[in-house]
There are 2 protein chains.
Amino acid sequence: MKRNSRLSLALHTLGHMAADPDDAQTSTEIAEHAGTNPVVVRRVLGRLREAGLLISEKGHAGGWKLARAPADITLADVFAALDEQLFSYDDNTEPAHCAVERAMRQRISSVMTDIERKLVDQLNSISIDEMRN
Amino acid sequence: MKRNSRLSLALHTLGHMAADPDDAQTSTEIAEHAGTNPVVVRRVLGRLREAGLLISEKGHAGGWKLARAPADITLADVFAALDEQLFSYDDNTEPAHCAVERAMRQRISSVMTDIERKLVDQLNSISIDEMRN
DNA sequence: AATAATTGTAACAATATTTGTTACATTAAT
DNA sequence: ATTAATGTAACAAATATTGTTACAATTATT
């Protein structure tokens with residue numbers, strides 16, 4: 001089983017939708033194309049809907065569509081919607097016992113935050129429209 | 001249980017070592033300070049040793065020390081040593097069936113590679129010496 | 001009004017990963 | 001010899017991800 005294929009599924013789906021923004025697709029169609037299960041698709045795309053990137057409609061002739069223009073959805077939007085940790089850095093939640101430790105944690109945290117901010121800037125500069133050829 | 005605390009453990013340990021590069025520490029000491037187990041410490045630090053960042057010595061009075069000057073060990077070195085995925089993007093290994101899919105995967109992969117390269121540049125600009133106050 | 005097609009979501013199993021732990025062989029200083 | 005350390009295998013426990021089944025709610029079609 002693969003780990004964390006949510007981002008992959010989201011990007012590929014959004015990329016396809018960007019090619020034909022007015023065509024709604026069902027989770028079954030998307031799942032077949034992505035080689036997975038409709039429930040998994042609804043699970044992942046549900047997060048994109050909560051973030052305002054997608055619209056879903058229930059019932060007969062329902063399905064999934066982009067909520068706005070492909071040029072207005074960036075990679076940073078997708079990362080944020082999936083709540084992906086950009087880095088795999090988890091600080092210990094236990095309070096630091098020594099002063100050196102506390103100072104270092106703060107320094108590391110600030111460095112990471114700075115790097116992350118720059119990364120988000122870069123991700124924001126790429127729209128899903130640009131993910132297609 | 002926490003997920004992926006390896007980077008945290010590695011950085012904090014290296015940070016402390018950078019403050020006193022000549023003092024060798026045992027995995028038990030490090031484990032107590034980090035609130036974990038000596039075997040876990042040896043597991044994580046072993047990777048740093050394989051990458052040439054640390055030196056370990058067996059036997060009585062053995063322990064762990066930096067392999068080179070703190071200013072010469074960067075965050076990028078540490079990430080690389082732990083083989084961390086910078087992003088949680090996993091491409092499907094299955095060959096793409098349609099041309100649109102193939103093209104998009106290539107585009108995504110190239111975008112990710114580009115972002116990752118810039119990120120590594122930034123990580124390389126910060127040494128573990130700078131992680132302390 | 002009945003039917004069909006779709007999302008939303010809960011529940012559970014299967015799998016993979018991470019961490020913690022015990023145990024023990026190996027190595028080196030005392 | 002004894003002691004103290006690493007190196008590593010093996011396994012348990014916790015957690016996360018994915019796949020799957022089931023079914024209620026919703027909406028279009030007939």
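Nothing here was measured: the structure is a model prediction, and the numbers come from that model. Residue numbers begin at 1 in each chain, while the letters A, B, ... track the order of the sequences.
Within the 4.0 angstrom heavy-atom criterion, only backbone atoms of the sugar-phosphate kind lie near A:Gly63; the bases stay farther away. In this structure, A:Thr36 reaches the sugar-phosphate backbone alone: every heavy-atom distance under 4.0 Å involves primed, P, OP1 or OP2 atoms, never a base.
In the set D:dG7, D:dT20, C:dT19, D:dT20 carries the atom at the smallest distance from any side-chain atom of A:Val40. The B:Lys58 side chain lies nearest to C:dT26 when the options are D:dG19, C:dT26, C:dG8. For B:Ser5, whose side chain is taken as the heavy atoms from C-beta onward, the closest listed nucleotide among C:dT26, C:dT7, C:dT19 is C:dT19.
OP1 or OP2 of D:dT6 has at least one side-chain nitrogen or oxygen of B:Ser27 nearer than 4.0 Å. Between B:Arg42 and D:dG7 there is no side-chain polar atom (N or O) within less than 4.0 angstrom of OP1 or OP2. For A:Thr26 and C:dT7, the shortest distance from a side-chain N or O to OP1 or OP2 is not below 4.0 Å.
Rounded to whole Å, atom P of C:dT7 lies 9 Å from atom CD of A:Glu29. Nucleotide D:dA16 holds its P atom 12 Å from the CZ atom of A:Arg47, rounded to whole Å. The CZ atom of B:Arg6 sits 7 Å away from the C1' atom of C:dT18 (whole-angstrom rounding). When the P atom of C:dT7 is taken as reference, atom CG of A:Asn37 falls 12 Å away, rounded to whole Å. Atom CG of B:Leu54 is separated from atom P of D:dA5 by 17 Å (rounded to the nearest Å). Atoms CG (A:Asp83) and C1' (D:dT17) sit 15 Å apart, rounded to a whole Å. Separating the CG atom of A:Leu82 from the P atom of D:dA16 is a distance of 17 Å, rounded to the nearest angstrom. Taking atom CG on B:Leu48 and atom P on D:dT6, their separation rounds to 14 Å, with Å as the unit.
Contact of B:Arg43 with C:dT21 (side chain to base): a donor-acceptor pair of N or O atoms is detected under 3.5 Å. A donor-acceptor contact under 3.5 Å is not formed by the side chain of B:Arg49 with the base of D:dT8.
A:Thr113 contributes a side-chain N or O that, together with a main-chain N or O of A:Ser109, makes up a donor-acceptor pair within less than 3.5 Å. Checking side-chain atoms of A:Arg6 against main-chain N and O of A:Leu82 turns up no donor-acceptor pair under 3.5 Å. Under a 3.5 Å cut-off, the side chain of A:His12 and the backbone N or O of A:Ser8 do form a donor-acceptor pair. In this structure, B:Glu29 contributes its side chain and B:Thr26 its backbone to a donor-acceptor pair below 3.5 Å.
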Determine, stepwise, if the pair B:Asp77 / B:Arg68 fulfils salt bridge (Lys or Arg N to Asp or Glu O under 4.0 Å).
CA-CA 12 Å; B:Asp77 292 331; B:Arg68 51 186 202 249; 3.2 Å; yes
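Projected onto DNA chain D by closest heavy-atom contact, B:His60 and A:Val39 fall at different nucleotides, the more 5' of which corresponds to B:His60. Comparing B:Gly59 and A:Ala61 along DNA chain D, the residue whose closest nucleotide (by nearest heavy atom) sits nearer the 5' end is B:Gly59. Comparing B:Pro38 and A:Glu57 by the nucleotide of DNA chain C that holds the closest heavy atom to each, the one mapping nearer the 5' end is A:Glu57.
The pair A:Arg117-A:Asp114 meets the salt-bridge criterion, since a charged nitrogen lies less than 4.0 angstrom from a carboxylate oxygen.
Residue A:Glu57 places its CD atom among 12 or fewer non-hydrogen atoms of other residues, nucleotides or ligands, all under 6.0 Å distant. Under a cut-off of 6.0 angstrom, the local environment of CD in B:Gln25 is crowded, with over 12 non-hydrogen atoms contributed by other residues, nucleotides or ligands.
Two end axes, each from the C1' atoms of five base pairs, can be drawn for the helix from C:dA1-D:dT30 to C:dT30-D:dA1; they diverge by 10°, to 10 degrees.
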